[in-house]
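Contents: one structure, followed by commentary.
All residue numbers refer to positions in the sequence shown, counting from 1. Just follow the structure's listing: the first ligand is 1, and inside any ligand the first atom is 1.
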Amino acid sequence: MTLKVTVIGAGYVGLTTAACFAQLGHEVHCIDINEIRIAELKQGKLPIYEPGLQELVIKNVQVKRLQFVFGLENVPVGQKIYIIAVGTPMQEDGSANTSYVEAAARNIAKHLNDYAVIITKSTVPVGTAEKIHNIIKAELLRKNKKIQYSVVSNPEFLKQGDAVKDCLYPNRVIVGVDDQRASEIMKQLYVPMKLTSEQYLEMGIKDAEMTKYAANAMLATKISFINEMANICEKIGANVENIKRGIGSDSRIGFAFLNAGCGYGGSCFPKDVRALIFNAEQVGVDAKLLKAVELRNELQKYILVQKLLNYFASNIKDKTFAVWGLAFKPDTDDMREASAVIFITEAIKRGAKIKAYDPQAMLVAQKMFPAEYFKNGLMLVSDKETAVENADGLVVITEWPEFKTANFKELQQKMKGKLILDGRNCLPKEKITSLAMDYIGVGI
Ligand SMILES: NC(=O)c1ccc[n+]([C@@H]2O[C@H](COP(=O)([O-])OP(=O)(O)OC[C@H]3O[C@@H](n4cnc5c(N)ncnc54)[C@H](O)[C@@H]3O)[C@@H](O)[C@H]2O)c1
């Protein structure tokens, strides 16, 4: 059964959700407060890079299952489902800023004219669904409107870089719901995905909200754990890549998120771990483990510059380094909390020159770095070969596939120095060392 769905927010989650539900046969409107974003989307121009998303958007716009409009007042009446997918950025104290979610809820209430299910896909602190419920109730009361509605928590687990695949073929869907009517509509929304009962998990609203934080905290913990192992391995002469093989093959542990490197970034892990620490504190729990996970990650982002200083006897002034990779991970142009930002900031501060390249994040980088960085020696270059020309060293910060398969012999001829610093342990170490270059990884 086709449902009328309105998605609020056209970012990574909103845009992907809108395109995927349209692809699954629902009639979807997607709105955003950013007028330029909506105008560009109407012309088929996407604000973000995500593999397969552009094709999916264009296809569904053509068959009119997906429409971008500015403002809820331009969405036809009779919407069955509103999905809130706006940002919940971190505030200074570590808490999640839910003001965009609350604004979206107020906006929905203004335009509500019949029963609808209001879903939060944004990652929100436990108790936010209740807050949304009360905001809508107050707004309806103010307007003297008697309309029934349900609020549901349906957190999103997609990974940037795999967003379309994760959204169309999720390994599980979490639905936090506390009334039968909404529960039935949620099932209709997901029917086209043909999920099994192990994949479609209904639970209480607070449980669903908490599940999202617990999932991200668990994944961040695995990364910080292996990074800590890497740091120990370096000092005791063990190879963390073998440790990973040895423990990952234990089915109770698994290989996922056990890649040692220069720290996790992105819009989710850092923000969600901190928000959970904050929320725990609010209810009197000192989240010691999560604090350690976060601290390990913060420190890990500085290891590349430390390794560089060790190699060059603490002086990198006027040395030139190629940086390969700016996005926080491959297959995205997102640089939020990216390790590259810390590395470049620290290197420039010490007088080094940087020639940086990323397959997707160049425009984002151009806007993100302050003008003084460009005056003080940061250059963004058009390809990885240009980046290494006359460089004293190459620093790899994002594990894009094209870096792994680079021609290191050619690269050696272009470089002035012979250091290759691999922040993701993703390059062929033996091939590089056989060329008499100096390879330094993390924990190997
Ligand atoms: N990015 C991810 O990989 C990911 C994965 C799972 C969950 N999440 C969560 O999903 C939420 C959205 O994340 P994102 O990465 O898509 O954010 P984003 O910043 O890419 O997009 C948010 C969009 O919402 C719009 N917006 C803000 N307030 C609005 C309003 N009142 N009405 C309409 N539009 C509004 C913004 O203009 C922006 O386009 C966050 O809570 C995030 O934690 C993100």
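One finds a salt bridge joining E337 and R274 here, because a Lys/Arg side-chain nitrogen approaches an Asp/Glu carboxylate oxygen to under 4.0 Å. Using a cutoff of 4.0 Å between basic side-chain nitrogens and carboxylate oxygens, D250 and R252 are scored as salt-bridged. A salt bridge links K349 and E346; the closest N-O separation between the charged side-chain nitrogens and carboxylate oxygens is under 4.0 Å. The pair E139-K145 does not meet the salt-bridge criterion, since no charged nitrogen lies less than 4.0 angstrom from a carboxylate oxygen. Taking a cutoff of 4.0 Å between a charged side-chain nitrogen and a carboxylate oxygen, K307 and E234 qualify as a salt bridge.
Counting heavy atoms from C-beta on, the side chains of N227 and C262 never come closer than 4.5 Å.
For the ligand labelled ligand 1, residue K212 lies inside the 4.0 Å heavy-atom shell. Using a 4.0 Å cutoff on heavy atoms, R336 counts as a contact of ligand 1.
Applying the 4.0 Å criterion to heavy atoms of C268 picks out, from ligand 1, the atoms 2 (C), 3 (O), 4 (C), 5 (C), 8 (N), 44 (C). Within ligand 1, the atoms closer than 4.0 Å to a non-hydrogen atom of T88 are 40 (C), 41 (O), 43 (O), numbered from 1 in the order shown. Taking a cut-off of under 4.0 Å to the non-hydrogen atoms of R37, the atoms of ligand 1 that pass are 38 (C), 39 (O). Close contacts of ligand 1 with A85, meaning ligand atoms under 4.0 Å from a residue heavy atom, involve 12 (C). Residue S122 approaches ligand 1 through these ligand atoms, each under 4.0 Å from one of its heavy atoms: 10 (O), 11 (C), 41 (O). Counting the atoms of ligand 1 from 1 in the order shown, those under 4.0 Å from a heavy atom of I8 are 32 (N), 33 (C).
An N or O contact shorter than 3.5 Å links Y12 to ligand 1 by distance. Residue V13 places at least one N or O, backbone or side chain, under 3.5 Å from an N or O of ligand 1.
The nearest protein atom to atom 37 (O) of ligand 1, hydrogens excluded, is given as D32 OD1, 2.6 Å; this is a heavy-atom distance. Of all protein heavy atoms, the one lying nearest to atom 9 (C) of ligand 1 is T123 OG1, 3.4 Å. Residue, atom and distance of the protein heavy atom nearest to atom 21 (O) of ligand 1 are G11 CA, 3.2 Å. Protein heavy atom at the shortest distance from atom 31 (N) of ligand 1 is Y100 O, 3.8 Å. Looking from atom 5 (C) of ligand 1 to the surrounding protein, the closest heavy atom is L158 O, 3.5 Å. For atom 1 (N) of ligand 1, the closest non-hydrogen atom on the protein side is Q160 OE1, 2.7 Å. Closest to atom 43 (O) of ligand 1 among all protein heavy atoms lies K271 NZ, 2.6 Å. Looking only at protein heavy atoms, the nearest one to atom 6 (C) of ligand 1 is E156 O, 3.3 Å.
A donor-acceptor contact shorter than 3.5 Å links the side chain of N279 to the backbone of A275. Checking side-chain atoms of D422 against main-chain N and O of I440 turns up no donor-acceptor pair under 3.5 Å.
In this comparison of I84, D162, I33, D272, the heavy atom closest to atom 33 (C) of ligand 1 sits on I33. Of the listed options G9, G87, P89, G87 places a heavy atom closest to atom 22 (C) of ligand 1.
Centroid-to-centroid, the aromatic rings of F21 and Y190 come within less than 6.0 Å. Proximity of the aromatic rings of Y149 and H133 is defined here by a centroid distance below 6.0 angstrom, and this criterion is met.
In this structure, NZ on K222 lies 4.5 Å from CG on L258, to the nearest 0.5 angstrom.
Between Q300 and N231, the side chains place a donor N or O and an acceptor N or O closer than 3.5 Å (distance only, hydrogens not considered).
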